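Notes to accompany the following structure.
Bear in mind that the values here come from a model prediction, so they are computed numbers and not experimental data.
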Amino acid sequence: MTENNKPTNFIRQIIEDDLASGKHSSIHTRFPPEPNGYLHIGHAKSIVLNFGIAEDYHGQCNLRFDDTNPHKEDEEYVEAIKDDVRWLGYQWAGQYFASDYFEQLYGFAIELIEKGKAYVCDLNADQVREFRGTLTEPGKDSPFRDRSVEENLDLFKRMRAGEFDDGARTLRAKIDMASPNMNMRDPAIYRIRRGVVHHQTGDAWCIYPMYDFTHPISDALEGITHSLCTLEFEDHRPLYDWYLDNITIPCHPRQIEFGRLNLEYTVMSKRKLTQLVTEGHVQGWDDPRMPTIAGLRRRGYTPAAIRDFCNRIGVTKSDGTVEMGVLEASIREDLDRCAPRRMAVLDPLRVVITNYPEEQEETLSGPNHPKDESMGTRELKFSRELWIDRADFREEANKKYKRLVTGGEVRLRNAYTIICEKVVKDVSGEIKELHCTYDPDTLGKNPQGRKVRGVIHWVPALSAVPAEVRLYDRLFTVPAPDGEKDKPFQEFLNPESLTVRQAMLEPALADAQPGERFQFEREGYFCRDTREAKAGKLVFNRVVTLRDSWGGG
RNA sequence: UGGGGCGUGGCCAAGUGGUUAAGGCACCGGACUUUGACUCCGGCAUCGCAGGUUCGAAUCCUGCCGCCCCAGCCA
């Protein structure tokens, strides 16, 4: 519902104003990830923002890899990122790498040097830090700040030629060592990185431009009109503008910052997500408990639900933390509409219908969707022995309990009503099976004289399909696992984030396709696991439970 | 103690001097129901605090308070 209406937020307002005033006649945005890890739901917010704006205002959105730090990056990630963006449903106008611009970037650096606005500095990292000053004290000028243009040009060319060691020199912008904005205290433009192989440019370069220098120029080169980034770059905007104002380039995009997405009961930083994987707390980047796009995808989330979620949470400059409930509501809404209904018993308890003939089996039918006849029906086999869920039976219970109790009657979903006559236990006292009788006259109609309130789901013992079902709960036990300063976030890992069940499924589920989603009635939405399917295993992941307004008791 | 931001119900978020302060999620009632689902009805805020300007302020001004970001040759 939210998806059909265009969202409104302060960035879209700026864009509409720019369009109305004629400042721009068309809009061009970009999504600029660094290929150093997998995308997560926070990136989805940025993707939906950037691509959504391009779509709604008939503009374009580029995909650009911010690959200026070969140390951390890898081709593996660029492929994964492209996959995720495509899966989310977007098509980029142009695909670029910041490294595509290395030669031009070098040229602009030369221009800055020639204008006396950049210099080669021989201070090492520690010295630079000392000279930078602190938040409350101004910095001091580098002793190399006043080198001649000729010397700077010569040194910079030799940096490129590989004559100096890593860290020996940097090219720096000559701005203001006393600026209250730390980013303006002669920031580095180029650093030396010899011997690393860049995933795109190989060994063509041994000096690499910094993000702050690269980003505005890349944006300008691509004709980006609005450069959207997260709040922590607010302080970088003066520098973004300074670079564009001090080189010869005909385009000056406007940087606009918005608040990052924070989600309760999970972590979002790349470092922490990496730790979850490498420390073995989850089984990989696509573990269904991960907030990564790959994880959500494998879990069974739909692209539409994620897009809807991103639109629901909005875009502002305030930083808040969104409840999981919003994400869950998005996927429930989508899946309620389109997921076929099936029955699956997660904790099987045998039921014998004692008045049902031993050799008989009949074929019933159940609608694939209670409100959408066009989705058709599927066959259900009914016979003497069935499985129901242990949680759907109690020897005794109060009237709030609407399921099966000793001597009580319930409706078997899509079938007959049954009455529990006898509970059979083993020596240890555990319930082994239930003996029930059914009322043959209750198929598709209510029994006369009684009203049966409860409905439970079931599966025929004869033809049930065994399968592994994985139930997921929140990864952490607290809303903000990384909120505690003195405790590592791992301490809040939820030991019960994954529960495995050996379940019995209705036969129709035997040929579920990998990635196919269903509603297991009264249980939740489930998706056949894609990874395990490759090994031929029938495994289902619980995407999300059904909403449950029952107190529990 | 420097600079940059933010502060509307439990969470997110509209609102841009005159509205009964949108909407979503959550929650609480109730209706319906062969999913304790879905759907449907109804309930649920005076806008961080304190002053001021104004006929009138969440929206303007002042002063407080709280939270976030910044001292990588990371992005």
Nucleotide nearest [X] when distance is taken to its side chain, options [options]:
{"X": "A/Ala125", "options": "B/G24, B/A37, B/C73", "answer": "B/C73"}
{"X": "A/Phe233", "options": "B/A75, B/A71, B/A37", "answer": "B/A75"}
{"X": "A/Tyr401", "options": "B/C73, B/A37, B/G36", "answer": "B/G36"}
{"X": "A/Leu135", "options": "B/C73, B/G2, B/U35", "answer": "B/G2"}
{"X": "A/His236", "options": "B/U35, B/A75, B/G24", "answer": "B/A75"}
{"X": "A/Arg132", "options": "B/C73, B/A75, B/A26", "answer": "B/C73"}
{"X": "A/Lys317", "options": "B/C74, B/G5, B/C70", "answer": "B/G5"}
{"X": "A/Val326", "options": "B/U35, B/C25, B/C6", "answer": "B/C25"}

How many Å lie between CD on A/Glu328 and P on B/C27, as a whole number?
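So the CD-P distance, A/Glu328 to B/C27, works out to 10 Å.
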
d(CZ, A/Phe518; P, B/U35) in whole Å
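Atom CZ in A/Phe518 sits about 21 Å away from atom P in B/U35.
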
Grab the two heavy atoms, one from [X] and one from [Y], that are nearest each other, plus how far apart they are.
{"X": "A/Ile81", "Y": "A/Gly37", "answer": "CD1-O, 4.0 Å"}
{"X": "A/Val410", "Y": "A/Leu404", "answer": "CG1-N, 3.5 Å"}
{"X": "A/Phe393", "Y": "A/Val405", "answer": "CE1-C, 3.8 Å"}

Can you build the contact string for nucleotides 38-47 of chain B? Use B for base contact, S for sugar-phosphate-only contact, and - for no protein heavy atom under 4.0 Å.
BS--------

Using purine N1 to pyrimidine N3 plus N6-O4 or O6-N4 for Watson-Crick, or N1-O2 and O6-N3 for G-U wobble, each under 3.5 Å, what pairs with [N]?
{"N": "B/C40", "answer": "B/G30"}
{"N": "B/G66", "answer": "B/C6"}
{"N": "B/C60", "answer": "B/G52"}
{"N": "B/G17", "answer": "none"}

Strictly by ring-ring contact (aromatic ring centres under 6.0 Å, His included), give each pair with a member in residues 304-342 of chain A just once, sequence neighbours left out.
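Output for this query is empty, none listed.
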
Indicate, with a heavy-atom threshold strictly under 4.0 Å, whether [X] touches base, sugar-phosphate, or nothing.
{"X": "A/Thr417", "value": "nothing"}
{"X": "A/Ile313", "value": "sugar-phosphate"}
{"X": "A/Asn69", "value": "sugar-phosphate"}
{"X": "A/Ser318", "value": "sugar-phosphate"}
{"X": "A/Met210", "value": "sugar-phosphate"}
{"X": "A/Leu171", "value": "nothing"}
{"X": "A/Gly167", "value": "base"}
{"X": "A/Lys270", "value": "nothing"}
{"X": "A/Asp235", "value": "base"}
{"X": "A/Pro238", "value": "nothing"}
{"X": "A/Ile456", "value": "nothing"}
{"X": "A/Arg411", "value": "base"}
{"X": "A/Asn124", "value": "base"}
{"X": "A/Lys45", "value": "nothing"}

Less than 4.5 Å apart, any side-chain heavy atom of A/Glu257 and any of A/Glu232?
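Side-chain contact under 4.5 Å: no.
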
Do the ring centers of [X] and [Y] come within less than 6.0 Å of each other?
{"X": "A/Phe526", "Y": "A/Phe540", "value": "no"}
{"X": "A/Tyr119", "Y": "A/Phe144", "value": "no"}
{"X": "A/Tyr208", "Y": "A/Tyr190", "value": "no"}

Phosphate contact ([N] OP1 or OP2) by [X] side-chain N/O below 4.0 Å:
{"X": "A/Arg193", "N": "B/C74", "answer": "yes"}
{"X": "A/Ser549", "N": "B/A37", "answer": "yes"}
{"X": "A/Arg237", "N": "B/G3", "answer": "no"}
{"X": "A/Arg169", "N": "B/C73", "answer": "no"}
{"X": "A/Arg191", "N": "B/C74", "answer": "yes"}

For the residue pair [X] and [Y], does the interplanar ring angle fall in the parallel (under 30°), tilted (30 to 60°) or perpendicular (over 60°) class?
{"X": "A/His198", "Y": "A/Phe102", "result": "perpendicular"}
{"X": "A/Tyr77", "Y": "A/Tyr38", "result": "perpendicular"}
{"X": "A/Phe31", "Y": "A/His43", "result": "perpendicular"}
{"X": "A/Tyr211", "Y": "A/Phe233", "result": "tilted"}

With syn defined as a glycosidic angle within 90° of 0 and anti as everything else, classify B/G42.
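Nucleotide B/G42 adopts anti.
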
B/A75 base stacked by A/Tyr211? Criteria: ring centres under 5.5 Å, plane angle under 30°.
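No; centroid distance or tilt outside limits.
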
Sticking with atom [atom1], work out how far [N] lies from [M], rounded to a whole angstrom.
{"N": "B/G15", "M": "B/U8", "atom1": "P", "answer": "15 Å"}
{"N": "B/C60", "M": "B/G24", "atom1": "C1'", "answer": "31 Å"}
{"N": "B/A37", "M": "B/C44", "atom1": "P", "answer": "23 Å"}

5′-ward residue of the pair A/Glu73/A/Gln519 relative to RNA chain B
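Its nucleotide being nearer the 5' end, the pick is A/Gln519.
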
Residue closer to the 5' end of RNA chain B, A/Asp126 versus A/Leu443 (nearest nucleotide)
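By nearest-heavy-atom nucleotide position, the 5'-most residue is A/Leu443.
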
Is there any protein nitrogen or oxygen under 3.5 Å from a nitrogen or oxygen in nucleotides 14-16 of chain B, and what are the pairs?
from	atom 1	to	atom 2	distance (Å)
B/G15	OP1	A/Gln13	NE2	2.9
B/U16	O4	A/Gln13	OE1	2.4
B/U16	O4	A/Gln13	NE2	2.9

Selection: residues 179-189 of chain A, any non-hydrogen atom under 4.0 Å of RNA chain B:
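Within this stretch, A/Pro180, A/Met182, A/Ala188 sit under 4.0 Å of the strand.
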
Report yes or no: is there a donor-acceptor pair, N or O only, under 3.5 Å between the side chain of A/Glu323 and the base of B/G10?
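Counting by modelled atom types and ignoring angles, a donor-acceptor contact under 3.5 Å is found here.
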
Distance criterion of 3.5 Å, no angle test: do you see the side chain of A/Glu523 paired donor-to-acceptor with the base of B/U35?
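Answer no: no donor N or O sits under 3.5 Å from an acceptor.
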
A/Glu163: what forms a salt bridge (Lys or Arg N to Asp or Glu O under 4.0 Å) with it, not counting sequence neighbours?
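Result, salt bridge (Lys or Arg N to Asp or Glu O under 4.0 Å) vs A/Glu163: A/Arg158.
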
I'd like to know if A/Arg522 pairs up with A/Asp392 as an ion pair, taking the criterion as any Lys NZ or Arg NE/NH1/NH2 lying under 4.0 Å from an Asp or Glu carboxylate oxygen.
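Salt bridge: yes.
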
Pair A/Asp336 + A/Arg547: basic N to acidic O under 4.0 Å:
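Between A/Arg547 and A/Asp336 there is no salt bridge, as every charged N stays at least 4.0 Å from the carboxylate O atoms.
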
Residues two or more places apart in sequence or in another chain: which of them pass side-chain contact (heavy atoms from CB on, under 4.5 Å) with A/Val452?
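So A/Val452 forms a side-chain contact (heavy atoms from CB on, under 4.5 Å) with A/Glu409, A/Arg411, A/Thr417, A/Pro447.
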
